[in-house]
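All remarks here apply to the structure that follows.
This structure is a prediction, so every number in the text was calculated from the model and none was measured. Numbered from 1 within each chain, the chains take letters A, B, ... in sequence-line order.
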2 protein chains.
Amino acid sequence: MVAESIVNEKIWRRRKEEFLRRLQEDEEIGYLDADIKDILMMFFKREKSFTMSSCSGRIVLVDSPMPWMRDPSSVVFKKHSPISVEEVRPIIEGPVVWRLWLVVTGPIIHVSTLDLNEAVEVLEIAREAGLKHSGILSLSSKGIIVELMSGVRLTILLRDKGVRVVEDDKLGEVVSVANEALLEGKRRLDALRDALRKRIVT
Amino acid sequence: MVAESIVNEKIWRRRKEEFLRRLQEDEEIGYLDADIKDILMMFFKREKSFTMSSCSGRIVLVDSPMPWMRDPSSVVFKKHSPISVEEVRPIIEGPVVWRLWLVVTGPIIHVSTLDLNEAVEVLEIAREAGLKHSGILSLSSKGIIVELMSGVRLTILLRDKGVRVVEDDKLGEVVSVANEALLEGKRRLDALRDALRKRIVT
C-alpha cells in the first residue's frame, strides 16, 4: 500500500464540504461549544485537514456498572462548564440503577486528513499542546482519522446502588477536583489553539 | 512521503532482535507479567511486528494532585492482581501529600510495525479484541508505533490531603469495583490472545 493512494481525494474533498456545512448548521442551532469553534475553523483552513466531531471537555454524571460502558448506561447530568454541589446533590440523592460515576473528560477532536504527512503534522501539533494520547485511529479511502486527546480524565465513584460511597459532606472536595480537571482540559485546548496559530502560513 | 519508505528495514530488524533479547532478560529477572508473555511472543512471531513495552493491567494507588500527572506524583502501591481492603487501608490512613487516587488501568501494549499495512492489521486485531482506544502514535525510520489500549480505566478519589473522601466503611465497595475493572482488563487481554491466534497462518 502506497500512502498517496490511501485516500481518494475526490471523496475526501466532498466530505470536507459536507462537514463544513454540518459545522455551520450546528453553530446556528447552538450545538457547537463556543470555546472550540475557532480551533475547528483553523483545521478547516488547513488544505489537507477537516474536523469530524469535537468536545471541548465536560463533566458528566453517568448511571452505569462501569464508566466505559455504553450499554446499560444513562447520562443523568452533563455540563461543559464548572459545576456546583447544589447541582449535583439531587442526582446523588435520587434513584440509581447501577452505579453513579462522576466523569470528567478533557477535549477530544477527530480530524480527517488527506494524506499521511498531514496526519503526522497534526499529531505533532497535538503533542506540542499536551494532547499526549493522540493517535491515528484508521486509514481508508474516505480519510485518515486522527484522534486528538489528552490524559485529562477522571472517573469518580459517587454511589454504588444504595450505598453512598462519597458522603454529602465530602461532595465539596469532589466538585472542586472535577472543576479543576475541567479547567485543565480547557488549558490544553488553549495550547492547541496556540500551536495551530504558530503554523499558519501568512 | 511513500509508506514503504517510512521505516528503514535494517534499523527495524536490528531493533526487533534487541527487543526480543530485552523481553527474554525481563522474563529471567521476573519482570514480565506471566499473563501477557504468550501474547507478546505472538507479535514477535509476526514477520512485521514486535512489542516494545506492555502492561497486563494493574491497580495503583498514587499520591498526586491529579492522576495524569507525572510530577509531583508518587506510586505508593502497585499490584497486577486483585486487591483486598486490608492491603489498601494502611495506605489511606497513612500520610498523603496531595491526593490519594486509586487508579485501575486495563492492558496497554506498544507494538512497532515495519509498514503501514501491518499497522492497520494490528489495529484491526485490537478493535476485534475490544481495545477500542488503540491508534498509531508515531511513524519514523525506526518503526510505526501502535498503542493497543482499552477504555478500561478508573480513577477514584480516596483522600484529599487530610480529608477522607471515601470513609472506611465504604472501602469494600471501592475495592470490589477496582477488582471488577481489573478482571475486565484481563478479559480484553484474553480476547486479544484469541484474535491473534485466529490469524496465525499454519
Please rank A/V166, A/L154, A/L157, A/L171 by heavy-atom pairs under 4.5 Å with chain B and give me the top one.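 Among the listed options, the one with the most contacts to chain B is A/L154.
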
Max heavy-atom pair count under 4.5 Å with chain B, selected residue of A/I156, A/V103, A/L102, A/D169: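 Most heavy-atom pairs within the cutoff with chain B belong to A/I156.
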
Within a strict 4.5 Å, meaning less than it, do heavy atoms of the B/R99 and A/E173 side chains meet?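 Side-chain contact under 4.5 Å: no.
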
Check this for me: [X], atom [atom1], are more than 12 non-hydrogen atoms of other residues, nucleotides or ligands nearer than 6.0 Å?
{"X": "B/K16", "atom1": "NZ", "value": "yes"}
{"X": "A/K79", "atom1": "NZ", "value": "yes"}
{"X": "B/K37", "atom1": "NZ", "value": "no"}

I need the A/I136 CD1 to B/L123 CG distance, nearest 0.5 Å.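 A/I136 atom CD1 to B/L123 atom CG measures 9.0 Å (nearest 0.5 Å).
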
Using 0.5 Å steps for rounding, measure from the CG atom of B/D160 to the OG atom of A/S176.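 Taking CG in B/D160 and OG in A/S176, the distance rounds to 6.5 Å.
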
Looking only at heavy atoms, which of residues 59-73 of chain A get nearer than 4.5 Å to chain B?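 A/M66, A/P67, A/W68, listed by number.
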
So which part of B/V177 gets closer than 4.5 Å to some heavy atom of chain A, the side chain, the backbone, both or neither?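 The answer is both parts of B/V177.
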
Contact origin within B/V152 toward chain A - heavy atom pairs under 4.5 Å: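 Contact with chain A involves both backbone and side-chain atoms of B/V152.
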
Contact origin within A/E180 toward chain B - heavy atom pairs under 4.5 Å: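 Contact with chain B involves both backbone and side-chain atoms of A/E180.
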
For B/V163, does its backbone N or O pair with a side-chain atom of A/K170 as donor and acceptor, under 3.5 Å?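 Here the side-chain-to-backbone pair does not exist.
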
Residue, of B/R127, B/E147, B/H133, that accumulates the most heavy atom pairs under 4.5 Å with chain A: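 Highest number of heavy-atom pairs under 4.5 Å: B/R127.
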
